Amino acid sequence: MNVRRSAAVLAATVVIGTAAPAVAASPSPSPSLPSGLYGSGDPTYDGVWRQSYALIALHRVHDRLPVEAVDWLAGQQCANGAFPAFRANPAKACDAKLMVDTNSTAAAVQALSAAGGHDSAVTKAVTWLKSVQNKDGGWGFAPGGASDANSTSVVIGALLTQDLSVPEVRSGTKSPYDALLKLSLPCADGGAFAYQPDKKGKLSANADATAAAVVAASGMGPLTAKADSQGQPTCADAPDLTAARAAANGASYLAGSVAKDGFLKSALPGAEDQPDYGNTADAVVALAVQGGGGAAKKPLAWLERNSAKWAEQSGPAAYAQLILAAEAGGADPRDFGGTDLVKRLTETGPTPVAASKDDSGVSPWWIVGAGLAAGAGIGFLLSGRNKRKRP
């Protein structure tokens with residue numbers, strides 16, 4: 001879930017210079033805000049990502065997706081099926097100067113699958129993702145970049161929306177699960193997942209990568225994640241490690257990480273450790289998937305008490321993360337610590353106009369209006385996703 005963000009985009013630019021010269025620079029900064037986009041922040045590095053997660057979250061709570069928002073997302077796709085983080089002029093064909101990436105593409109696949117009516121676009125995007133699968137079975141952020149746990153996980157989520165058998169999506173003999181298992185640490189080191197090996201091949205536990213990989217290795221994604229009724233996750237080494245076992249091990253690591261304070265921490269250079277709201281929300285989903293509502297209870301309660309200001313400052317992707325955490329963990333996203341997350345997210349996008357309920361008593365349908373409400377955007381990306389610096 002997760003992702004994939006601005007820090008990853010900038011890092012990917014270095015990779016692209018050596019691995020995929022046909023895809024080079026990112027779009028120019030400070031584009032004008034298009035109609036249909038969630039959030040009012042600069043979408044250069046996160047437009048497709050935040051739009052996709054906004055739509056996924058609204059779908060999970062059974063809200064009708066605004067046509068204008070879905071059309072904006074669909075219009076970001078390039079002719080080869082890939083999506084960039086953002087392109088300011090969808091009428092202009094994608095060229096070598098526009099950087100496309102696996103994370104934006106995989107997130108868009110999931111959102112457009114939720115919206116329905118975009119089968120051709122989704123098929124093209126999945127075909128492109130398969131075409132850039134690495135020899136180890138995984139994906140990096142940029143085509144040709146080294147596989148990482150986050151990118152591989154978000155692509156797995158996309159594959160699952162198409163009812164594809166993940167173990168059968170192979171590059172040679174390797175599947176996406178093979179790539180994730182290579183990044184799984186033994187229980188002596190906590191059972192977590194690493195983002196990538198370092199230059200010496202060493203693996204280090206990464207909470208963000210672990211949360212994403214736990215959900216993916218459990219055979220789920222943002223659209224399909226649901227709480228399991230099993231008890232508190234435990235770590236157990238096995239001679240033949242399976243994806244399911246690695247997922248349980250990773251969840252055990254996350255459970256231990258939030259046991260004391262109820263939240264995950266982020267370590268920024270030159271700053272004291274501080275709560276990481278986004279990673280904590282992702283961890284709630286992972287814990288719910290592997291241990292049910294009981295395993296996710298403490299971090300979910302912490303988010304209910306403390307996340308409102310963060311979400312308000314960070315914008316639609318943050319509201320989407322909290323909605324997914326609430327929905328998976330058994331809380332009410334329409335009354336999350338006194339905040340209606342669904343309403344707040346909706347207010348950052350195309351203005352909906354409520355229609356009256358029909359005789360069946362179903363939820364109101366929405367008619368797409370014009371304009372964008374105030375919201376925040378890129379701050380979420382900058383603070384929440386520098387994967388290499390996570391504890």
Side-chain angles (χ1 to χ4, degrees), residues 1-2 38-41 50-51 53-66 69 211 222 225-227 254-255 257-266 274-289 291-354 357 361-364 366 369 371-381 383-384:
M1 300 188 219
N2 290 268
Y38 283 89
S40 60
R50 78 188 189 212
Q51 189 82 350
Y53 266 72
L55 295 173
I56 290 168
L58 292 174
H59 174 79
R60 287 298 302 261
V61 294
H62 309 295
D63 264 35
R64 190 183 181 197
L65 306 183
K226 60 181 179 180
L254 292 174
S257 299
V258 299
K260 179 181 178 181
D261 300 314
F263 59 85
L264 294 174
K265 298 177 181 178
S266 61
Q274 55 189 305
D276 190 315
Y277 298 88
N279 280 357
T280 301
D282 292 345
V284 166
V285 177
L287 288 169
V289 162
K297 183 177 180 180
K298 187 168 185 176
L300 185 62
W302 183 87
L303 285 171
E304 284 200 78
R305 294 191 305 269
N306 297 285
S307 64
K309 185 176 181 180
W310 167 75
E312 183 179 359
Q313 293 175 340
S314 301
Y319 283 122
Q321 281 185 290
L322 291 177
I323 289 171
L324 294 173
E327 204 273 339
D332 183 358
R334 290 184 169 84
D335 185 11
F336 193 72
T339 299
D340 186 338
L341 299 173
V342 180
K343 179 181 178 181
R344 293 292 178 86
L345 173 57
T346 300
E347 289 172 345
T348 72
T351 304
V353 178
K357 291 184 178 180
V362 296
S363 298
W366 301 104
L372 291 170
I378 201 72
F380 161 70
L381 301 167
S383 65

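Note that the coordinates shown come from a computational prediction; the quantities given were computed from them, not determined experimentally. Computed from heavy atoms alone, side chains included, the values below leave out hydrogens, waters and symmetry copies. Position 1 is the first residue of the sequence, and the numbers go up from there.
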**Item:** Residue pair Trp302 / Pro275, side-chain heavy-atom distance below 4.5 Å
**Value:**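 In short, these two side chains touch, coming nearer than 4.5 Å.
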**Item:** Side chain to side chain, Pro350 and Tyr38, heavy atoms closer than 4.5 Å
**Value:**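 Result yes, sub-4.5 Å side-chain heavy-atom pair found.
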Where is the tightest heavy-atom contact between [X] and [Y], given as atom of each residue plus distance?
| X | Y | value |
| --- | --- | --- |
| Ala325 | Val285 | CA-CG2, 3.8 Å |
| Ala328 | Ala227 | O-CB, 3.5 Å |
| Gln321 | Gly278 | NE2-O, 3.2 Å |
| Ala286 | Ala211 | CB-O, 3.7 Å |
| Ala283 | Leu264 | CB-CD1, 3.8 Å |
| Ala296 | Ala288 | CB-N, 4.0 Å |

Can you tell me how far apart [atom1] ([X]) and [atom2] ([Y]) are? Round to the nearest 0.5 Å.
| X | Y | atom1 | atom2 | answer |
| --- | --- | --- | --- | --- |
| Leu345 | Tyr53 | CG | OH | 13.5 Å |
| Trp310 | Leu322 | CH2 | CG | 5.0 Å |
| Leu303 | Thr280 | CG | OG1 | 5.5 Å |
| Ile56 | Ile323 | CD1 | CD1 | 11.5 Å |
| Leu341 | Ser307 | CG | OG | 7.0 Å |
| Leu287 | Asp282 | CG | CG | 11.0 Å |

**Message:** Going by the rule salt bridge (Lys or Arg N to Asp or Glu O under 4.0 Å), which residues pair with Asp261 if we only count those two or more places apart in sequence or in a different chain?
**Reply:**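 Checked Asp261 against salt bridge (Lys or Arg N to Asp or Glu O under 4.0 Å); matches are Lys265.
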**Prompt:** Considering residues at least two apart in sequence or located in another chain, which fulfil the salt bridge (Lys or Arg N to Asp or Glu O under 4.0 Å) criterion with Arg60?
**Reply:**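 If we apply the salt bridge (Lys or Arg N to Asp or Glu O under 4.0 Å) test to Arg60, skipping adjacent residues, the hits are Glu327.
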**Item:** Contacts of type side-chain contact (heavy atoms from CB on, under 4.5 Å), residue Lys343, not counting sequence neighbours
**Value:** Asp340, Glu347
**Request:** May I have all residue pairs that pass salt bridge (charged side-chain N to carboxylate O under 4.0 Å, His left out) and include part of residues 291-308, sequence neighbours excluded?
**Result:**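 Checked against salt bridge (charged side-chain N to carboxylate O under 4.0 Å, His left out) - neighbours excluded - no pair reaches residues 291-308.
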**Contacts of Phe336 that satisfy ring-ring contact (aromatic ring centres under 6.0 Å, His included) - sequence neighbours left out** = none
**Complete:** By side-chain hydrogen bond (donor to acceptor under 3.5 Å, both in side chains), Arg334 pairs with (sequence neighbours left out) Asp63
